[in-house]
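Throughout, a chain's letter reflects where its sequence line sits, starting with A, and its residues are numbered from 1. Because only heavy atoms are used, hydrogens play no part in the values below, and waters and symmetry mates are left out as well, while side chains stay in.
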There are 2 protein chains.
Amino acid sequence: MPRDVPDIVIGRLPLYLRALKRMEQDGIEITSSHELGRHLGISSAQIRKDLSHFGEFGKQGTGYNISYLREQIARILQVDRGWKVIVVGTGNLGRALAQYRGFQPRGYHITALFDNDPEIVGQRIGDFEVFPPEKIADVVRGEDIKIAMIAVPASEAQGVTDQLVEAGVCAILNYAPINLAVPEHVHVQYIDPVIHLQHMTYYLR
Amino acid sequence: MPRDVPDIVIGRLPLYLRALKRMEQDGIEITSSHELGRHLGISSAQIRKDLSHFGEFGKQGTGYNISYLREQIARILQVDRGWKVIVVGTGNLGRALAQYRGFQPRGYHITALFDNDPEIVGQRIGDFEVFPPEKIADVVRGEDIKIAMIAVPASEAQGVTDQLVEAGVCAILNYAPINLAVPEHVHVQYIDPVIHLQHMTYYLR
DNA sequence: TAGATTGTTAATCGATTAACAATC
DNA sequence: TAGATTGTTAATCGATTAACAATC
(Lines give C-alpha, C1' and ligand atoms only; values in the text may rest on other atoms or scores of the structure.)
Protein backbone atom coordinates (compact mmCIF):
# COMPACT_ATOMS: atom_id res chain seq x y z
CA MET A 1 0.00 0.00 0.00
CA PRO A 2 1.49 3.37 -0.99
CA ARG A 3 2.58 5.71 1.74
CA ASP A 4 1.85 9.40 1.88
CA VAL A 5 -1.09 9.74 -0.44
CA PRO A 6 -2.45 13.30 0.10
CA ASP A 7 -5.33 13.40 2.56
CA ILE A 8 -7.42 15.35 0.08
CA VAL A 9 -7.22 12.35 -2.27
CA ILE A 10 -8.25 9.95 0.50
CA GLY A 11 -11.20 12.23 1.17
CA ARG A 12 -12.47 11.81 -2.40
CA LEU A 13 -12.31 8.01 -2.45
CA PRO A 14 -15.55 7.63 -0.44
CA LEU A 15 -17.30 9.84 -3.00
CA TYR A 16 -16.04 7.67 -5.84
CA LEU A 17 -17.18 4.62 -3.94
CA ARG A 18 -20.66 6.03 -3.39
CA ALA A 19 -21.05 6.96 -7.05
CA LEU A 20 -19.81 3.54 -8.21
CA LYS A 21 -22.26 1.75 -5.93
CA ARG A 22 -25.07 3.83 -7.34
CA MET A 23 -24.08 3.05 -10.92
CA GLU A 24 -23.86 -0.61 -10.03
CA GLN A 25 -27.37 -0.51 -8.59
CA ASP A 26 -28.52 1.13 -11.80
CA GLY A 27 -27.22 -1.90 -13.66
CA ILE A 28 -24.28 -0.20 -15.39
CA GLU A 29 -21.16 -2.37 -15.69
CA ILE A 30 -18.54 -0.14 -17.29
CA THR A 31 -17.75 3.54 -16.82
CA SER A 32 -15.02 6.01 -17.75
CA SER A 33 -13.22 8.72 -15.83
CA HIS A 34 -15.25 11.24 -17.87
CA GLU A 35 -18.61 9.74 -16.95
CA LEU A 36 -17.69 9.33 -13.29
CA GLY A 37 -16.41 12.90 -13.24
CA ARG A 38 -19.66 14.17 -14.69
CA HIS A 39 -21.61 12.42 -11.92
CA LEU A 40 -19.41 13.95 -9.23
CA GLY A 41 -18.78 17.36 -10.74
CA ILE A 42 -15.01 16.89 -10.91
CA SER A 43 -12.57 16.53 -13.80
CA SER A 44 -11.71 13.21 -15.40
CA ALA A 45 -8.02 14.01 -15.03
CA GLN A 46 -8.41 14.33 -11.28
CA ILE A 47 -10.08 10.94 -11.02
CA ARG A 48 -7.36 9.24 -13.06
CA LYS A 49 -4.65 11.01 -11.06
CA ASP A 50 -6.23 10.08 -7.75
CA LEU A 51 -6.54 6.42 -8.68
CA SER A 52 -2.99 6.32 -10.01
CA HIS A 53 -1.73 6.69 -6.44
CA PHE A 54 -2.92 3.16 -5.77
CA GLY A 55 -2.45 1.23 -8.99
CA GLU A 56 -3.94 0.69 -12.43
CA PHE A 57 -7.60 -0.19 -12.39
CA GLY A 58 -8.80 0.61 -15.91
CA LYS A 59 -8.30 -0.52 -19.47
CA GLN A 60 -7.26 1.84 -22.28
CA GLY A 61 -10.01 2.44 -24.77
CA THR A 62 -12.64 0.91 -22.50
CA GLY A 63 -12.66 2.49 -19.08
CA TYR A 64 -13.31 0.90 -15.70
CA ASN A 65 -15.23 -2.20 -14.70
CA ILE A 66 -17.49 -0.71 -12.06
CA SER A 67 -17.74 -3.61 -9.66
CA TYR A 68 -13.99 -4.25 -9.86
CA LEU A 69 -13.14 -0.61 -9.19
CA ARG A 70 -15.69 -0.51 -6.37
CA GLU A 71 -14.05 -3.54 -4.76
CA GLN A 72 -10.60 -2.04 -5.09
CA ILE A 73 -11.55 1.30 -3.55
CA ALA A 74 -13.37 -0.50 -0.74
CA ARG A 75 -10.21 -2.48 -0.09
CA ILE A 76 -8.03 0.64 -0.11
CA LEU A 77 -10.34 2.38 2.36
CA GLN A 78 -10.59 -0.83 4.42
CA VAL A 79 -14.35 -0.77 4.18
CA ASP A 80 -14.40 -4.28 2.73
CA ARG A 81 -15.05 -5.48 6.27
CA GLY A 82 -17.18 -4.45 9.23
CA TRP A 83 -16.28 -1.89 11.89
CA LYS A 84 -17.84 -1.55 15.32
CA VAL A 85 -18.81 1.95 16.40
CA ILE A 86 -20.00 3.44 19.67
CA VAL A 87 -22.16 6.52 20.17
CA VAL A 88 -21.69 8.84 23.15
CA GLY A 89 -24.70 11.02 23.92
CA THR A 90 -28.32 10.01 23.53
CA GLY A 91 -30.12 13.28 22.92
CA ASN A 92 -32.14 13.75 19.74
CA LEU A 93 -29.04 13.44 17.64
CA GLY A 94 -27.58 10.41 19.40
CA ARG A 95 -30.93 8.64 19.12
CA ALA A 96 -31.20 9.48 15.43
CA LEU A 97 -27.70 8.10 14.88
CA ALA A 98 -28.52 4.94 16.83
CA GLN A 99 -31.54 4.35 14.62
CA TYR A 100 -30.09 5.50 11.30
CA ARG A 101 -30.47 2.72 8.74
CA GLY A 102 -27.55 3.87 6.61
CA PHE A 103 -24.67 2.64 8.78
CA GLN A 104 -25.26 -1.11 8.80
CA PRO A 105 -25.34 -1.70 5.03
CA ARG A 106 -22.13 0.29 4.61
CA GLY A 107 -20.29 -1.74 7.23
CA TYR A 108 -20.49 0.38 10.36
CA HIS A 109 -22.13 -1.47 13.22
CA ILE A 110 -23.26 0.47 16.22
CA THR A 111 -22.31 -1.60 19.23
CA ALA A 112 -23.12 0.48 22.30
CA LEU A 113 -24.59 3.79 23.46
CA PHE A 114 -23.39 5.91 26.37
CA ASP A 115 -24.97 8.73 28.34
CA ASN A 116 -24.15 10.40 31.64
CA ASP A 117 -27.79 10.97 32.64
CA PRO A 118 -28.70 8.39 35.32
CA GLU A 119 -32.33 8.61 34.17
CA ILE A 120 -31.33 7.32 30.76
CA VAL A 121 -28.62 4.82 31.68
CA GLY A 122 -30.04 1.31 31.60
CA GLN A 123 -32.88 2.22 29.24
CA ARG A 124 -33.04 0.69 25.79
CA ILE A 125 -32.87 2.86 22.67
CA GLY A 126 -33.61 0.93 19.53
CA ASP A 127 -31.64 -2.28 19.88
CA PHE A 128 -29.17 -0.97 22.44
CA GLU A 129 -28.87 -0.62 26.15
CA VAL A 130 -27.48 2.73 27.33
CA PHE A 131 -24.32 2.51 29.46
CA PRO A 132 -22.80 5.07 31.79
CA PRO A 133 -19.54 6.82 30.76
CA GLU A 134 -17.55 4.79 33.27
CA LYS A 135 -18.15 1.75 31.09
CA ILE A 136 -16.52 3.31 28.00
CA ALA A 137 -13.07 1.90 28.67
CA ASP A 138 -14.41 -1.61 29.32
CA VAL A 139 -16.49 -1.72 26.17
CA VAL A 140 -13.85 -0.15 23.93
CA ARG A 141 -11.22 -2.61 25.13
CA GLY A 142 -13.53 -5.61 25.35
CA GLU A 143 -15.03 -5.17 21.90
CA ASP A 144 -11.86 -3.74 20.31
CA ILE A 145 -13.63 -0.53 19.27
CA LYS A 146 -11.65 1.89 17.10
CA ILE A 147 -14.38 4.34 16.08
CA ALA A 148 -16.71 6.57 18.12
CA MET A 149 -19.31 9.20 17.36
CA ILE A 150 -19.73 12.09 19.79
CA ALA A 151 -23.20 13.58 20.19
CA VAL A 152 -22.94 15.37 23.52
CA PRO A 153 -23.12 19.12 24.27
CA ALA A 154 -20.03 21.15 23.35
CA SER A 155 -19.18 21.62 27.02
CA GLU A 156 -18.73 17.88 27.50
CA ALA A 157 -17.12 16.96 24.20
CA GLN A 158 -13.47 17.41 25.16
CA GLY A 159 -13.89 15.36 28.34
CA VAL A 160 -15.58 12.56 26.45
CA THR A 161 -12.85 12.72 23.82
CA ASP A 162 -10.13 12.32 26.43
CA GLN A 163 -11.88 9.25 27.82
CA LEU A 164 -12.31 7.74 24.38
CA VAL A 165 -8.68 8.33 23.41
CA GLU A 166 -7.47 6.96 26.73
CA ALA A 167 -9.50 3.81 26.09
CA GLY A 168 -7.97 3.31 22.66
CA VAL A 169 -10.38 4.91 20.19
CA CYS A 170 -8.46 6.39 17.25
CA ALA A 171 -11.21 7.73 14.96
CA ILE A 172 -13.84 10.18 16.17
CA LEU A 173 -16.78 11.64 14.32
CA ASN A 174 -17.63 14.72 16.35
CA TYR A 175 -21.08 16.31 16.14
CA ALA A 176 -20.44 18.76 18.98
CA PRO A 177 -19.79 22.29 17.71
CA ILE A 178 -16.27 22.56 19.07
CA ASN A 179 -12.73 21.79 17.97
CA LEU A 180 -11.21 18.83 19.77
CA ALA A 181 -7.63 18.50 20.94
CA VAL A 182 -6.31 14.97 20.31
CA PRO A 183 -2.95 13.21 20.05
CA GLU A 184 -1.29 12.81 16.63
CA HIS A 185 -2.46 9.26 16.07
CA VAL A 186 -6.15 10.05 16.56
CA HIS A 187 -8.27 11.13 13.58
CA VAL A 188 -11.21 13.48 13.97
CA GLN A 189 -13.89 14.49 11.49
CA TYR A 190 -16.42 17.20 12.22
CA ILE A 191 -20.10 17.52 11.40
CA ASP A 192 -21.78 20.78 12.36
CA PRO A 193 -24.74 21.63 10.13
CA VAL A 194 -24.66 25.28 11.16
CA ILE A 195 -21.13 25.61 9.76
CA HIS A 196 -22.44 24.46 6.37
CA LEU A 197 -25.46 26.75 6.56
CA GLN A 198 -23.25 29.74 7.38
CA HIS A 199 -20.93 28.90 4.50
CA MET A 200 -23.85 29.00 2.05
CA THR A 201 -25.46 32.04 3.65
CA TYR A 202 -22.46 34.11 2.52
CA TYR A 203 -23.57 33.64 -1.08
CA LEU A 204 -27.20 34.64 -0.50
CA ARG A 205 -26.74 38.21 -1.69
CA MET B 1 -17.95 43.85 -0.22
CA PRO B 2 -15.02 42.25 -2.08
CA ARG B 3 -15.79 40.06 -5.04
CA ASP B 4 -14.18 36.73 -5.72
CA VAL B 5 -12.88 35.72 -2.33
CA PRO B 6 -11.84 32.03 -2.64
CA ASP B 7 -14.57 29.66 -1.49
CA ILE B 8 -12.09 27.87 0.74
CA VAL B 9 -11.64 31.13 2.67
CA ILE B 10 -15.41 31.57 3.02
CA GLY B 11 -15.56 28.04 4.36
CA ARG B 12 -13.20 28.90 7.20
CA LEU B 13 -15.05 32.01 8.37
CA PRO B 14 -17.73 29.98 10.20
CA LEU B 15 -14.97 28.18 12.10
CA TYR B 16 -13.43 31.49 13.12
CA LEU B 17 -16.86 32.68 14.18
CA ARG B 18 -17.47 29.61 16.30
CA ALA B 19 -14.10 29.89 18.03
CA LEU B 20 -14.59 33.60 18.70
CA LYS B 21 -18.02 33.02 20.25
CA ARG B 22 -16.52 30.39 22.49
CA MET B 23 -13.72 32.72 23.62
CA GLU B 24 -16.30 35.42 24.24
CA GLN B 25 -18.33 33.07 26.42
CA ASP B 26 -15.15 32.26 28.30
CA GLY B 27 -14.85 35.95 29.11
CA ILE B 28 -11.80 36.67 26.96
CA GLU B 29 -11.86 40.08 25.27
CA ILE B 30 -8.72 40.22 23.13
CA THR B 31 -7.01 37.56 21.06
CA SER B 32 -4.27 37.30 18.44
CA SER B 33 -3.98 35.42 15.17
CA HIS B 34 -1.55 33.09 16.94
CA GLU B 35 -3.95 32.24 19.76
CA LEU B 36 -6.91 31.82 17.42
CA GLY B 37 -4.80 29.64 15.17
CA ARG B 38 -3.79 27.45 18.06
CA HIS B 39 -7.44 26.90 18.95
CA LEU B 40 -8.30 25.93 15.39
CA GLY B 41 -5.16 24.05 14.43
CA ILE B 42 -4.28 26.42 11.60
CA SER B 43 -1.46 28.92 11.09
CA SER B 44 -1.64 32.51 12.25
CA ALA B 45 -0.56 33.64 8.78
CA GLN B 46 -3.58 31.96 7.23
CA ILE B 47 -5.97 33.69 9.59
CA ARG B 48 -4.46 37.10 8.90
CA LYS B 49 -4.48 36.43 5.15
CA ASP B 50 -8.09 35.24 5.21
CA LEU B 51 -9.27 38.30 7.11
CA SER B 52 -7.30 40.64 4.86
CA HIS B 53 -9.72 39.80 2.03
CA PHE B 54 -12.39 41.75 3.86
CA GLY B 55 -10.61 44.60 5.62
CA GLU B 56 -8.47 45.40 8.64
CA PHE B 57 -9.90 44.21 11.91
CA GLY B 58 -6.92 44.15 14.26
CA LYS B 59 -4.46 46.46 15.90
CA GLN B 60 -0.69 46.08 15.59
CA GLY B 61 0.96 45.02 18.80
CA THR B 62 -2.37 44.15 20.42
CA GLY B 63 -4.39 41.74 18.30
CA TYR B 64 -8.13 41.54 17.76
CA ASN B 65 -11.04 42.67 19.90
CA ILE B 66 -13.01 39.45 20.01
CA SER B 67 -16.53 40.83 20.05
CA TYR B 68 -15.72 43.31 17.29
CA LEU B 69 -14.17 40.64 15.08
CA ARG B 70 -17.09 38.32 15.81
CA GLU B 71 -19.54 41.01 14.72
CA GLN B 72 -17.60 41.72 11.54
CA ILE B 73 -17.39 38.07 10.49
CA ALA B 74 -21.09 37.62 11.26
CA ARG B 75 -21.82 40.59 9.02
CA ILE B 76 -19.62 39.24 6.22
CA LEU B 77 -21.35 35.86 6.37
CA GLN B 78 -24.75 37.58 6.67
CA VAL B 79 -25.49 35.68 9.83
CA ASP B 80 -26.14 38.94 11.73
CA ARG B 81 -29.82 38.36 11.01
CA GLY B 82 -32.27 35.47 11.01
CA TRP B 83 -32.89 33.00 8.18
CA LYS B 84 -35.93 30.80 7.74
CA VAL B 85 -35.25 27.18 6.86
CA ILE B 86 -37.50 24.30 5.82
CA VAL B 87 -36.87 20.59 6.31
CA VAL B 88 -38.01 18.00 3.78
CA GLY B 89 -38.32 14.47 5.14
CA THR B 90 -39.45 13.54 8.65
CA GLY B 91 -37.73 10.24 9.30
CA ASN B 92 -35.41 9.90 12.27
CA LEU B 93 -33.03 12.44 10.83
CA GLY B 94 -35.67 15.00 9.82
CA ARG B 95 -37.20 14.76 13.29
CA ALA B 96 -33.83 15.20 14.95
CA LEU B 97 -33.16 18.27 12.79
CA ALA B 98 -36.61 19.69 13.63
CA GLN B 99 -35.87 19.35 17.32
CA TYR B 100 -32.19 20.29 17.29
CA ARG B 101 -31.63 23.14 19.72
CA GLY B 102 -28.54 24.45 17.97
CA PHE B 103 -30.21 26.18 15.00
CA GLN B 104 -32.30 28.83 16.73
CA PRO B 105 -29.53 30.51 18.76
CA ARG B 106 -27.33 30.73 15.68
CA GLY B 107 -30.05 32.40 13.60
CA TYR B 108 -31.55 29.56 11.58
CA HIS B 109 -35.29 29.24 12.20
CA ILE B 110 -37.04 26.11 11.08
CA THR B 111 -40.30 27.25 9.59
CA ALA B 112 -41.96 24.16 8.11
CA LEU B 113 -41.59 20.41 7.66
CA PHE B 114 -42.59 18.38 4.62
CA ASP B 115 -43.17 14.67 4.05
CA ASN B 116 -44.79 12.67 1.29
CA ASP B 117 -46.27 10.03 3.60
CA PRO B 118 -50.05 10.71 3.95
CA GLU B 119 -49.90 9.07 7.38
CA ILE B 120 -47.50 11.74 8.60
CA VAL B 121 -48.85 14.79 6.78
CA GLY B 122 -50.98 16.86 9.15
CA GLN B 123 -49.29 15.48 12.27
CA ARG B 124 -47.28 17.75 14.52
CA ILE B 125 -43.57 17.16 15.13
CA GLY B 126 -42.17 19.36 17.84
CA ASP B 127 -43.60 22.79 17.14
CA PHE B 128 -44.39 22.17 13.49
CA GLU B 129 -47.19 20.81 11.38
CA VAL B 130 -46.07 18.49 8.58
CA PHE B 131 -47.11 19.57 5.07
CA PRO B 132 -47.31 17.53 1.86
CA PRO B 133 -44.72 18.17 -0.88
CA GLU B 134 -47.29 19.97 -3.03
CA LYS B 135 -47.22 22.78 -0.50
CA ILE B 136 -43.46 23.40 -0.90
CA ALA B 137 -43.84 26.06 -3.58
CA ASP B 138 -46.53 27.94 -1.62
CA VAL B 139 -44.54 28.01 1.61
CA VAL B 140 -41.21 28.87 -0.03
CA ARG B 141 -42.78 31.76 -1.92
CA GLY B 142 -45.10 32.88 0.85
CA GLU B 143 -42.44 32.91 3.55
CA ASP B 144 -39.58 33.92 1.23
CA ILE B 145 -37.53 30.84 2.11
CA LYS B 146 -34.02 30.65 0.68
CA ILE B 147 -32.62 27.67 2.58
CA ALA B 148 -33.75 24.03 2.78
CA MET B 149 -32.45 20.87 4.41
CA ILE B 150 -33.08 17.56 2.66
CA ALA B 151 -33.54 14.46 4.82
CA VAL B 152 -35.30 12.07 2.43
CA PRO B 153 -34.03 8.77 0.98
CA ALA B 154 -31.42 9.04 -1.79
CA SER B 155 -33.96 7.90 -4.36
CA GLU B 156 -36.16 10.92 -3.73
CA ALA B 157 -33.51 13.57 -3.17
CA GLN B 158 -33.12 14.77 -6.76
CA GLY B 159 -36.87 15.12 -7.22
CA VAL B 160 -37.20 17.10 -4.01
CA THR B 161 -34.25 19.25 -5.08
CA ASP B 162 -35.89 20.07 -8.39
CA GLN B 163 -39.06 21.16 -6.59
CA LEU B 164 -37.13 23.29 -4.12
CA VAL B 165 -35.09 24.99 -6.82
CA GLU B 166 -38.18 25.59 -8.93
CA ALA B 167 -39.82 27.24 -5.91
CA GLY B 168 -36.87 29.58 -5.40
CA VAL B 169 -34.64 27.89 -2.79
CA CYS B 170 -30.99 28.68 -3.48
CA ALA B 171 -29.15 26.99 -0.61
CA ILE B 172 -29.56 23.29 0.16
CA LEU B 173 -28.06 21.25 2.96
CA ASN B 174 -28.35 17.70 1.68
CA TYR B 175 -28.28 14.74 4.07
CA ALA B 176 -29.18 12.19 1.39
CA PRO B 177 -26.15 10.15 0.28
CA ILE B 178 -26.23 11.28 -3.34
CA ASN B 179 -24.79 14.07 -5.46
CA LEU B 180 -27.38 16.60 -6.54
CA ALA B 181 -27.57 18.31 -9.92
CA VAL B 182 -28.54 21.97 -9.52
CA PRO B 183 -28.34 25.18 -11.58
CA GLU B 184 -25.33 27.50 -11.22
CA HIS B 185 -26.99 29.90 -8.81
CA VAL B 186 -27.94 27.20 -6.27
CA HIS B 187 -25.50 26.26 -3.51
CA VAL B 188 -25.38 22.76 -2.05
CA GLN B 189 -23.54 21.42 0.94
CA TYR B 190 -23.41 17.74 1.79
CA ILE B 191 -23.52 15.87 5.08
CA ASP B 192 -23.08 12.11 4.93
CA PRO B 193 -21.60 10.66 8.11
CA VAL B 194 -20.53 7.47 6.34
CA ILE B 195 -18.31 9.48 4.00
CA HIS B 196 -16.47 10.85 7.05
CA LEU B 197 -16.23 7.42 8.66
CA GLN B 198 -14.80 5.91 5.48
CA HIS B 199 -12.27 8.72 5.23
CA MET B 200 -10.99 7.96 8.71
CA THR B 201 -11.14 4.20 8.26
CA TYR B 202 -8.37 4.48 5.66
CA TYR B 203 -5.97 5.47 8.40
CA LEU B 204 -6.87 2.61 10.78
CA ARG B 205 -3.96 0.42 9.76
C1' DT C 1 10.96 53.16 24.38
C1' DA C 2 10.84 47.98 23.79
C1' DG C 3 7.94 44.34 22.69
C1' DA C 4 4.34 42.51 20.21
C1' DT C 5 1.34 41.82 16.45
C1' DT C 6 -0.86 43.23 12.33
C1' DG C 7 -1.45 43.43 7.16
C1' DT C 8 0.89 42.43 3.04
C1' DT C 9 4.34 40.93 -0.24
C1' DA C 10 7.09 37.45 -2.10
C1' DA C 11 8.48 32.66 -1.91
C1' DT C 12 7.17 28.13 -1.42
C1' DC C 13 4.47 24.40 -1.66
C1' DG C 14 0.97 21.41 -3.35
C1' DA C 15 -3.01 20.40 -6.11
C1' DT C 16 -5.32 20.53 -10.51
C1' DT C 17 -5.38 20.46 -15.34
C1' DA C 18 -3.73 19.78 -20.03
C1' DA C 19 -1.69 16.98 -23.13
C1' DC C 20 -0.23 12.81 -25.13
C1' DA C 21 2.09 8.28 -25.82
C1' DA C 22 0.59 3.75 -25.00
C1' DT C 23 -2.71 0.48 -25.96
C1' DC C 24 -7.13 -1.89 -25.69
C1' DT D 1 -7.97 -0.81 -38.29
C1' DA D 2 -10.05 3.51 -36.21
C1' DG D 3 -11.73 5.32 -32.11
C1' DA D 4 -11.57 5.73 -27.37
C1' DT D 5 -9.61 5.97 -22.94
C1' DT D 6 -6.09 5.08 -19.68
C1' DG D 7 -1.92 6.34 -16.83
C1' DT D 8 1.57 9.71 -16.46
C1' DT D 9 4.38 13.75 -17.23
C1' DA D 10 4.83 18.53 -17.45
C1' DA D 11 2.59 22.98 -17.09
C1' DT D 12 -0.49 25.73 -14.74
C1' DC D 13 -2.90 27.37 -11.20
C1' DG D 14 -3.98 28.50 -6.53
C1' DA D 15 -3.29 28.18 -1.65
C1' DT D 16 -0.22 28.34 2.27
C1' DT D 17 3.66 30.00 4.59
C1' DA D 18 7.58 32.93 5.68
C1' DA D 19 9.20 37.23 6.39
C1' DC D 20 9.10 41.94 7.54
C1' DA D 21 7.94 46.95 7.46
C1' DA D 22 4.56 49.49 9.78
C1' DT D 23 2.76 50.72 14.02
C1' DC D 24 0.20 50.22 18.28
Residue pairs passing the ring pair (Phe, Tyr, Trp, His ring centres under 6.0 Å) test with at least one member in residues 84-105 of chain B, sequence neighbours excluded, are B:Y100-B:F103
Secondary structure of DNA chain D per the Watson-Crick/G-U criterion (both distances under 3.5 Å; [ ] crossing, | other strand, . unpaired) is ..||||||||||||||||||||||
Of A:R12 and B:F57, the one whose nearest nucleotide on DNA chain C sits closer to the 5' end is B:F57
Side chains of A:N116 and A:E156: any donor to acceptor distance under 3.5 Å?
yes
Nt span of DNA chain C in reach of chain B heavy atoms at under 4.0 Å, 5' end first, is C:dA4 to C:dT9
Can you give each donor-acceptor pair under 3.5 Å made by side-chain atoms of residues 11-21 of chain A, sequence neighbours left out, with the distance rounded to 0.1 Å?
residue : atom : partner : partner atom : Å
A:R12   : NE   : A:D50   : OD2          : 2.7
A:R12   : NH2  : A:D50   : OD1          : 3.1
A:R12   : NH2  : A:D50   : OD2          : 3.2
A:Y16   : OH   : A:D50   : OD2          : 2.5
A:R18   : NH1  : B:D192  : OD2          : 3.0
A:R18   : NH2  : B:N179  : OD1          : 3.3

Any side-chain donor paired with an acceptor under 3.5 Å for B:T201 and A:Y108? yes
The residue, B:T62 or B:K49, whose nearest nucleotide of DNA chain D is more 5′ is B:K49
Exercise for the section: Mind checking A:S33 for me? I need base, sugar-phosphate or nothing, with any heavy atom below 4.0 Å counting as a touch. Expected result: sugar-phosphate
Practice item. Dump the intermediate steps for side chain to side chain donor-acceptor pair (under 3.5 Å) on A:R48 and A:S33, then the final yes or no. Key: CA-CA 7 Å; A:R48 295 198 303 279; A:S33 58; 3.0 Å; yes
Residues pairing under ring pair (Phe, Tyr, Trp, His ring centres under 6.0 Å) where one sits in residues 134-188 of chain B, two or more places apart or in two chains, turn out to be A:Y203-B:H187
Q) Strictly by modelled atom types, are B:Q25 and B:R22 linked by a side-chain donor-acceptor pair under 3.5 Å? A) no
The side chain to side chain donor-acceptor pair (under 3.5 Å) partners of A:H196 (sequence neighbours excluded) come to B:Q189
